[in-house]
Structure formats: structure tokens, C-alpha cells
Engineer: 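Quick one: the structure is below, questions incoming.
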Amino acid sequence: MPPPEKKIPTHHLTTEQFQLMTLDTGHPENFNDIHRHNFFEIIWFQKVKENSSLELDFESYSLKNNQICIIAPGQVFNMKLKGEKGYVLAVSREIFREACDIESILAGGTIPFLLDEENEATCSTVISLIEKEYKGMSRIDLLKTYLRAFCIIITEQISLQDPAINDRQRIHQLVSLIEEHYTAEKDTRFYADQIKISTHHLNDIVRHSRGTTVKKMIAQRLLLEAKRELSFGALTVKEIAFKLGFSDASYFSRFFRKQTGQNPEGFKSGKS
């Protein structure tokens, strides 16, 4: 008998939409083996050990003092705490969207990046305000204002570093946006507007990073879902076409034939 499938556990925010913890006194279950979050987690590693590291989406990163990492919902995270010092902000999707959505580069999470001295001092001031308010009256509108200020500062810090960091974050954000909107939004301009760059710039990033275009990425995602539905679903070709956002079945059939060289009916019968 084969062993049961091992699933990656997902951690949830339970009682609060916004939580502030410290790495040395925070909740250890947040760092207990490999897991995902259904919320955003902003980690500021103020002081780390010589061999401190974390894993994010199965990539390992060595840590340095005054690095920040943002873990987006769905990302796979793993770290064993060894006495590091710093702060952890657990933020619901709703709060993050209200407070930080203006800084779209953060929406897909970030790999660890370093704060310079000036931004470290500013972030220290803002985090002190967050901590005072969180432990006091905990007014959510004020916490969101402070959080937005924090996100603006760290976004500026990212932009000062290697431009490739920005490109990787934008690709990650694009993939997330396509996953969320591919059935309704098939135009490159929609995704460029969401990421707040021009369509030309976005396509340049995609060509350089992936050797393709945004339209082709959307088409590949549509094709994957179409194949899943044709292979394992009970829907008709017409129903699949409408589910995937095509205006009519003939348009969907032309799209499928262009991508695969065969009609969806032929593909479906061949898989049955």
C-alpha cells in the first residue's frame, strides 16, 4: 500500500487580522517545519546568527543583520529559529491590500533584502509606532497607516538594489495575477496596469526572464486548464469554453487547435 500523500500545512490568522510578534518571543509554530500561510508575513531580521538561513519556495537564503523578507499567501516557507532578533508582522490579505497594495512589487512576496542605515533608522521609528499602538489602543486604521509607511520605505529600498530583484518580484506578481484573472482578463495591458509598468516594459521583463511574452503565458495557463477539464472533467466543450472566458465554443476550438494542432473534441476522445 503506497504511503499517504504528504501535504504542506497552511497556517491561518485566527483571532486578529493584524498581529505583531518578535522573533525571540513570538509564536514558534509559525516557524515549525515547512508550511504555507493564507496571509502576508513581514519578517525583519534585525540580528541573526552566523549561520542563519531560511527556505522560501524551496530556495535557501543565508541571512544577514537588518534584512527583511515578505512571505506572500501560498508561498512555501521553512526556517528553524536559533535565537534571531527582530519583528514579525502577520497581516491578512484584506489589511495588506488596503495598506500596501500601492506598493505592488510587495504583493508577490520578497526574498531577503538589506536595509541601509538611513532606512533602518526610519523603519525602527515606524515599527516602534506600530508596537506602541498594537499594545495600546490597537486602532486598526492607525496600524494600517503605519504599515503603509513601512511598505513605502522598504519598496524604495528594493528599488535601490539590483534591478533584477524588481524583475523577479514582477514576474512572481505576474504569475499570481494570471492565476487569479486568466479566465476574465486576457489582455497584456490589464496585467501591466496592475503591476504599474508599461506593457512594453512588462513584455521586456518576461522575454528576458522566461523567453516568452505575457500573452503566451496567459495562453499556456488557459491551455493547461482546458486540458485538465477535457481530460478529467465532465463538462462539454461548450461549457469549458464559457468557463474559461471564451465568447463562444468555436473561438475556443480555434484557440485550442492553434496551441495543440488538434480540436478539443479529438483531444477529449483521445484521453477517454
Side-chain angles (χ1 to χ4, degrees), residues 8 10-11 21 23 26 30-82 84-91 93 96-97 99-120 122-123 126-127 147 150-179 194-197 201-202 204-206 208-210 217:
I8 299 173
T10 300
H11 293 176
M21 300 158 278
L23 285 170
N30 283 344
F31 296 87
N32 185 25
D33 295 326
I34 192 167
H35 62 279
R36 305 177 193 264
H37 301 127
N38 78 331
F39 53 90
F40 285 88
E41 192 162 71
I42 304 172
I43 310 174
W44 182 5
F45 298 98
Q46 292 178 308
K47 291 187 178 181
V48 299
K49 301 297 182 180
E50 186 176 349
N51 59 347
S52 290
S53 65
L54 61 80
E55 288 183 22
L56 189 60
D57 285 335
F58 307 103
E59 293 286 337
S60 181
Y61 299 94
S62 296
L63 293 172
K64 299 177 182 178
N65 291 343
N66 285 315
Q67 280 190 319
I68 289 179
C69 177
I70 301 179
I71 306 163
Q75 286 193 285
V76 178
F77 176 73
N78 190 20
M79 180 178 180
K80 300 293 186 184
L81 289 175
K82 301 173 182 177
E84 293 81 1
K85 303 287 185 181
Y87 288 93
V88 181
L89 297 170
V91 185
R93 296 169 188 255
F96 193 90
R97 191 174 296 120
C100 303
D101 194 45
I102 188 173
E103 307 304 335
S104 60
I105 195 171
L106 306 180
T110 69
I111 61 175
F113 63 91
L114 195 65
L115 287 176
D116 61 27
E117 288 186 10
E118 183 178 351
N119 282 329
E120 176 196 344
T122 308
C123 283
V126 176
I127 206 78
L147 178 62
F150 193 85
C151 288
I152 290 172
I153 295 162
I154 62 177
T155 298
E156 290 177 351
Q157 179 71 76
I158 292 172
S159 67
L160 292 172
Q161 299 181 25
D162 184 356
I165 294 176
N166 287 338
D167 290 350
R168 286 197 296 271
Q169 303 304 333
R170 283 167 173 153
I171 288 292
H172 187 94
Q173 186 184 3
L174 174 63
V175 171
S176 298
L177 285 167
I178 290 174
E179 185 65 29
Q194 293 294 307
I195 299 173
K196 298 181 175 64
I197 60 176
H201 189 187
L202 181 57
D204 278 349
I205 292 170
V206 172
H208 179 75
S209 301
R210 298 207 167 190
M217 287 179 67

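What you are looking at is a predicted structure, and each value in this text was computed from that prediction instead of being measured. Keep in mind that the numbers below use all heavy atoms, side chains included, and drop hydrogens, waters and symmetry copies.
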Engineer: Say you draw a straight line from CD1 of Ile70 to CD1 of Ile111; how long is it, rounded to the nearest 0.5 Å?
Structural biologist: 12.0 Å
Engineer: Between Asn119 and Asn66, is there a side-chain heavy-atom distance shorter than 4.5 Å?
Structural biologist: no
Engineer: What's the verdict on side chain to side chain contact (heavy atoms under 4.5 Å, CB included) for Leu115 and Thr122, showing C-alpha distance, side-chain angles and the deciding distance?
Structural biologist: CA-CA 10 Å; Leu115 287 176; Thr122 308; over 6 Å; no
Engineer: Between Thr10 and Arg36, is there a donor-acceptor pair closer than 3.5 Å when you use the side chain of the first and the backbone of the second?
Structural biologist: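 Checking the backbone N and O of Arg36 against the side chain of Thr10, no donor-acceptor pair under 3.5 Å is found.
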Engineer: Mind listing the closest non-hydrogen atom pair of Phe96 and Val91 along with its distance?
Structural biologist: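 Shortest heavy-atom contact: N-CG1, 3.5 Å.
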Engineer: Hey, mind stepping through Leu147 and Phe40 against side chain to side chain contact (heavy atoms under 4.5 Å, CB included) and telling me if it holds?
Structural biologist: CA-CA 12 Å; Leu147 178 62; Phe40 285 88; over 6 Å; no
Engineer: In Å and rounded to the nearest 0.5 Å, what is the CD1 to SG distance from Ile42 to Cys100?
Structural biologist: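 Output value for this atom pair is 5.5 Å.
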Engineer: Looking at every heavy atom in both Gly109 and Ala72, which two are closest together, and how far apart are they?
Structural biologist: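 Minimum heavy-atom contact is N-CB, 3.7 Å.
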Engineer: Drop me the distance from Glu118's CD to Ile153's CD1, to the nearest 0.5 angstrom.
Structural biologist: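 One finds 10.0 Å between CD of Glu118 and CD1 of Ile153.
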Engineer: Of Ile34, Leu63, Leu56, which meets side chain to side chain contact (heavy atoms under 4.5 Å, CB included) against Met79?
Structural biologist: Leu63
Engineer: Any side-chain heavy-atom pair from Val48 and Gln67 closer than 4.5 angstrom?
Structural biologist: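 Side chain of Val48 against side chain of Gln67, heavy atoms only: no contact under 4.5 Å found.
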Engineer: Report, as yes or no, whether the 6.0 Å neighbourhood of atom NE2 on His201 holds more than 12 heavy atoms from other residues, nucleotides or ligands.
Structural biologist: yes
Engineer: Which atom names give the shortest non-hydrogen contact between Asn65 and Lys47, and what distance separates them?
Structural biologist: OD1-CA, 3.2 Å
Engineer: Got His11 and Glu41 here, is their nearest side-chain heavy-atom distance under 4.5 Å?
Structural biologist: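 The answer is no, as the side chains (C-beta and beyond) never meet within the 4.5 Å cut-off.
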Engineer: Would a 4.5 Å heavy-atom cut-off, applied to side chains only, mark Ile127 and Leu89 as touching?
Structural biologist: yes
Engineer: Just by distance, do the side chain of Gln46 and the backbone of Tyr87 share a donor-acceptor pair under 3.5 Å?
Structural biologist: no
Engineer: Quick check for you: to the nearest 0.5 Å, what is the distance between Lys82 atom NZ and Glu50 atom CD?
Structural biologist: 10.5 Å
Engineer: Locate the shortest heavy-atom distance separating Pro73 from Asn38; write the atom from each residue and the value.
Structural biologist: CB-C, 4.0 Å
Engineer: How long is the straight-line distance from CD of Glu55 back to CD of Gln75, given to the nearest 0.5 Å?
Structural biologist: 13.0 Å
Engineer: Pair Ile205, Leu174 - check side chain to side chain contact (heavy atoms under 4.5 Å, CB included), show working.
Structural biologist: CA-CA 11 Å; Ile205 292 170; Leu174 174 63; over 6 Å; no
Engineer: Which heavy atom of Phe45 sits nearest to which heavy atom of Cys69, and what is that distance?
Structural biologist: CE1-CB, 4.3 Å
Engineer: For Glu84 and Ser52, which heavy atoms make the closest approach, and how far apart are they?
Structural biologist: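 Closest pair (atom of Glu84, atom of Ser52, distance): OE2-OG, 2.7 Å.
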Engineer: What's the separation between atom CG in Leu202 and atom CG in Asp167, rounded to the nearest 0.5 Å?
Structural biologist: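 Rounded to the nearest 0.5 Å, the CG-CG separation comes to 10.0 Å.
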Engineer: With a 4.5 Å cut-off on side-chain heavy atoms, are Arg210 and Val175 touching?
Structural biologist: yes
Engineer: How are the rings of Phe150 and Trp44 set to each other: parallel, tilted or perpendicular (split at 30° and 60°)?
Structural biologist: tilted
Engineer: Apply side chain to side chain contact (heavy atoms under 4.5 Å, CB included) to the pair Phe113 and Ile68, showing each step before the final yes or no.
Structural biologist: CA-CA 6 Å; Phe113 63 91; Ile68 289 179; 3.8 Å; yes
